[in-house]
Each structure stands twice: as C-alpha cells, then as structure tokens.
S.K.: 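Have a look at this one.
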Number of protein chains: 2
Amino acid sequence: MDFRLETFLPYRLNQAAELVSQRFAAQYRARYRMTRPEWRALAALGSYGRMTATEIGANSSMHKTKVSRAVRALEEKRWLKRSEDAADRRIEHLDLTPAGRRIYGEMIALAHEYEQELARLLGADGLEQLEAGLATIEAALAVQPARRGPSD
Amino acid sequence: MDFRLETFLPYRLNQAAELVSQRFAAQYRARYRMTRPEWRALAALGSYGRMTATEIGANSSMHKTKVSRAVRALEEKRWLKRSEDAADRRIEHLDLTPAGRRIYGEMIALAHEYEQELARLLGADGLEQLEAGLATIEAALAVQPARRGPSD
DNA sequence: GTCAGGTGGTTACAGATGTAACTGTCCATT
DNA sequence: AATGGACAGTTACATCTGTAACCACCTGAC
C-alpha cells in the first residue's frame, strides 16, 4: 500500500499542466473573453495563415466539434472569416481578419513573456530536461495508427 | 511571428498530460466505470484511510463539488460509506468498504504497472529530470496564499 | 451516369464542470 | 441565551465537452 496520488506521474503531469495553463488562460479569458479552444484556433491561424477546420484540429489536437465551435466564436468576434473552396465545396478556408491578426499579435507577445518567465523559473537546463521528457512522452504515446488484425 | 503552438510549453504540458492520463483513465473507465474524480477520491481514501470530503479535495486538488459528486458515485457503487462525526455534525467521515478496498488494491496494481511502463519509456534519468521539472513548476506556481493588501 | 463509401463540417443530446447560492452546524462575542 | 460570521457539504444553473447522428459534397468503381 505504498501508493500516493501526489507522486503518481499522470496526476503530477495534470497538476503541472493545470498550473501552467491556468495562469496563461487567465490572461486571454480576462482580456479577450477567449476560451482555450478559441485561443488555440487563433494561434494556429495566426502562425500558419489560411487553414481549414480539419487542419486546425490536426495542428492543435482538438476534436472537430471543439474546432467547429471555436471557429464560430471567432467568427462572431469578427476575428476570422470563412471562404469557400472553389473546387471542393465541403471545405471552408479560414483566415484571420485584420482585427484577428491584431489580437494574435498581442497574444503572442504575452505568450513570449510567459515563456520567458517559465524559463527563468526552470532554468535553462531544467527547461531543456522538461522538454526532453515531454518529447519522449509525445513520441511514445502519440496516437498510434489503428491496429488492424484478422478480426476486423 | 515565430510563435508555434506546438512548442508552447503550456500546450505541450497539456498534451503530454492528456496522453499519459487518458491511457490510464481508459483502464478504470472500462473496468470499473469510474470517472477521474472517483478514481482520485478512491485513491486518496485507499492510501490515507478515513478522510473527510474537504480533506480529499485538498489532497487531490479537486473542487468541492467534484468531490461531493465523486463521493456520491462511490457510495452508490457501495465502495465507500459515510459516518457522522460525533462532535461536529457538519463533518462526514468517509471510509472505503471492503469492496472499495478490493478495487483500490486492483487499481494500485495497475498504477504501478503503468508507472513502470512510463519509467521504461523515459529511462531512469529521463524520469528523474521530468519529475524535477514538475516539482519546480509545482513549487513556483502552486496556489499562493491570497494577497492581502490595504484595500481588502 | 450512378451509386457506395468516404470526407468536411454542424448539431442534438447527454454527461461533466464551476459558480453561486443554499442548508445545517459550529463557535466567539455579547 | 442570542447572534453574526465561518465552515462542511449539496444543489440549481449555465457552460463546456464528446458521441453519434446528420447533411452536403466528392470520388472511384462499375
């Protein structure tokens, strides 16, 4: 019976992620009334330019319904606009409006500041080691292609 | 404009936490129809014995409504029972039933296996470095005591 | 051409969550 | 004894989320 939740890696990772995210989220929630899915979609569009909803989902690991709702919210804020694809009418291309790009610029400035604060906290080595750990996890546990066996 | 969500620490931490948690959560969801708050409450009670709902919340960083609901769910599963405090009738003491302890035992076996799997994945050094990073984050960002100034 | 199956995206629904308000209880002050 | 916080725990409500079903459209096999 030597188990302690406080030392269980999944729990600790969640705690750390919560702590780190919440503090940043507090900024965009308060300043721009943005949710996390909206921030992620904005960030994706801001850094890559025109994308489709599916691409945003792939880039920021969001479920397609989350993307759909985030896109609508950003559209209502007039921070992005949709345009139809000439060749395939299922597809919508999404672009930030000038207002959206302005917010994006402000947000990445905040993001950089925050990253620097975290870097100071962790130290250069600490940050590097933490990121190495995260990379290992990502590589090892990332969504594996579906197993196909004789039975399906 | 050199910002990429994929390299933003809060995002990466969330991703890693999701990956690591989901895989473990899949087990208790499938085997025992347990939610994460229920698993956390079970784990707290299993490792510390009799606790109150407030103590569970403090130990496992859960909002009191989450604890309240998890406790009810575990009670309905007959894995815990409540008993009133003789001296203070606001308080409920919570104990696992024998059935609850059995499930707890099975769960910590799974937890240990999973920890070992993660340890193999990360290597002894990697694990240590990752945990050091998490500890720094916890220490630096943990809920600070409320600031008290002249104005409040 | 047509039709089956797949894809991009939305939505109805059910479950999970946090905020705020609530109940019941305790305790310190009077 | 009475009363005004403070605290343990629950609940109503609004919001967010994922699942599954759905629509519109595309494509390849025939």
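Letters A, B, ... are given to chains in the order of the sequence lines, protein chains preceding strands, and every chain is numbered from 1.
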S.K.: For A:Arg40 versus A:Ser60, what's the shortest heavy-atom pair and its separation?
M.R.: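 Minimum heavy-atom contact is NH1-O, 3.2 Å.
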
S.K.: Verify the contact: side-chain N or O of B:Arg72 to OP1 or OP2 of D:dT11, cut-off strictly under 4.0 Å; return yes or no.
M.R.: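 Affirmative; the distance criterion is met.
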
S.K.: Expressed as a whole number of angstroms, how long is the span from B:Arg69:CZ to C:dG18:P?
M.R.: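 It is 8 Å, rounded to the nearest whole Å.
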
S.K.: Hey, which of these two, A:Thr35 or A:Arg89, hits DNA chain D nearer its 5' end, going by closest nucleotide?
M.R.: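 Final value for this comparison: A:Thr35.
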
S.K.: Nearest whole Å is fine: how far is D:dC16 P from A:Met62 CE?
M.R.: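 In whole Å, D:dC16 P lies 14 Å from A:Met62 CE.
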
S.K.: Answer with base, sugar-phosphate or nothing: what part of the nucleic acid does B:Thr65 contact at a heavy-atom distance below 4.0 Å?
M.R.: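 Result for B:Thr65 = base.
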
S.K.: In whole angstrom, what separates A:Arg50's CZ from C:dG8's P?
M.R.: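 A:Arg50 atom CZ is separated from C:dG8 atom P by 17 Å.
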
S.K.: Any idea which of C:dG9, C:dG18, D:dG9 is nearest the B:His63 side chain?
M.R.: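 Nearest to the side chain of B:His63 among the choices is C:dG18.
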
S.K.: Looking at D:dA8, D:dC26, C:dG9, which one has an atom nearest to any side-chain atom of B:Arg90?
M.R.: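 Output: D:dA8.
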
S.K.: With a 4.0 Å cut-off on heavy atoms, is B:Arg82 in touch with a base, just the backbone sugar-phosphate, or nothing at all?
M.R.: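 Result for B:Arg82 = sugar-phosphate.
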
S.K.: Tell me whether the OP1 or OP2 atom of D:dT10 has a side-chain N or O from B:Ser68 closer than 4.0 Å.
M.R.: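 Yes, within the criterion.
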
S.K.: If I take atom NZ in residue B:Lys64 and atom P in nucleotide C:dT17, what distance separates them, rounded to the nearest angstrom?
M.R.: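 Going from B:Lys64 (NZ) to C:dT17 (P), I get 17 Å.
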
S.K.: Taking the side chain as every heavy atom from C-beta outward, state whether A:Leu13 and B:Ser21 have any atom pair closer than 4.5 Å.
M.R.: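 Not touching, per the 4.5 Å side-chain cut-off.
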
S.K.: Closest nucleotide of DNA chain D for A:Asp88 versus for A:Lys66: which of these residues is on the 5' side?
M.R.: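 Closer to the 5' end of DNA chain D: A:Lys66.
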
S.K.: Nearest whole angstrom, please: distance from the P of D:dA8 to the CD1 of B:Ile56.
M.R.: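 Computing the B:Ile56:CD1 to D:dA8:P distance gives 13 Å.
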
S.K.: Should B:Arg29 and B:Glu38 be marked as a side chain to side chain contact (heavy atoms under 4.5 Å, CB included) after you check the CA-CA gap, both sets of side-chain angles, and the distance that decides it?
M.R.: CA-CA 10 Å; B:Arg29 247 201 339 260; B:Glu38 290 166 49; over 6 Å; no

S.K.: Using a 4.0 Å heavy-atom cut-off, does A:Ala87 contact any base of the nucleic acid, only the sugar-phosphate backbone, or nothing at all?
M.R.: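 Sugar-phosphate only.
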
S.K.: Can you check the B:Arg29 CZ to D:dT17 P distance for me, whole Å?
M.R.: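 Going from CZ in B:Arg29 over to P in D:dT17 covers 17 Å.
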
S.K.: Show the nearest heavy-atom pair for residues A:Leu42 and A:Tyr104, with the distance to one decimal.
M.R.: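 Shortest heavy-atom separation between A:Leu42 and A:Tyr104 comes out as O-CD1, 3.8 Å.
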
S.K.: Take the protein atom CG of B:Asp85 and the nucleotide atom C1' of C:dT25, then report the distance between them rounded to whole Å.
M.R.: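 Computing the B:Asp85:CG to C:dT25:C1' distance gives 12 Å.
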
S.K.: Expressed in angstrom and rounded to an integer, what is the separation of B:Glu75 atom CD from D:dG9 atom P?
M.R.: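 After rounding, the reported distance stands at 13 Å.
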
S.K.: Go through it in stages, so that I can follow the logic: the residues are B:Glu55 and B:Tyr48, the test is side chain to side chain donor-acceptor pair (under 3.5 Å), and I'd like the CA-CA distance, side-chain angles, deciding distance and then a yes or no.
M.R.: CA-CA 10 Å; B:Glu55 287 165 352; B:Tyr48 290 106; over 6 Å; no

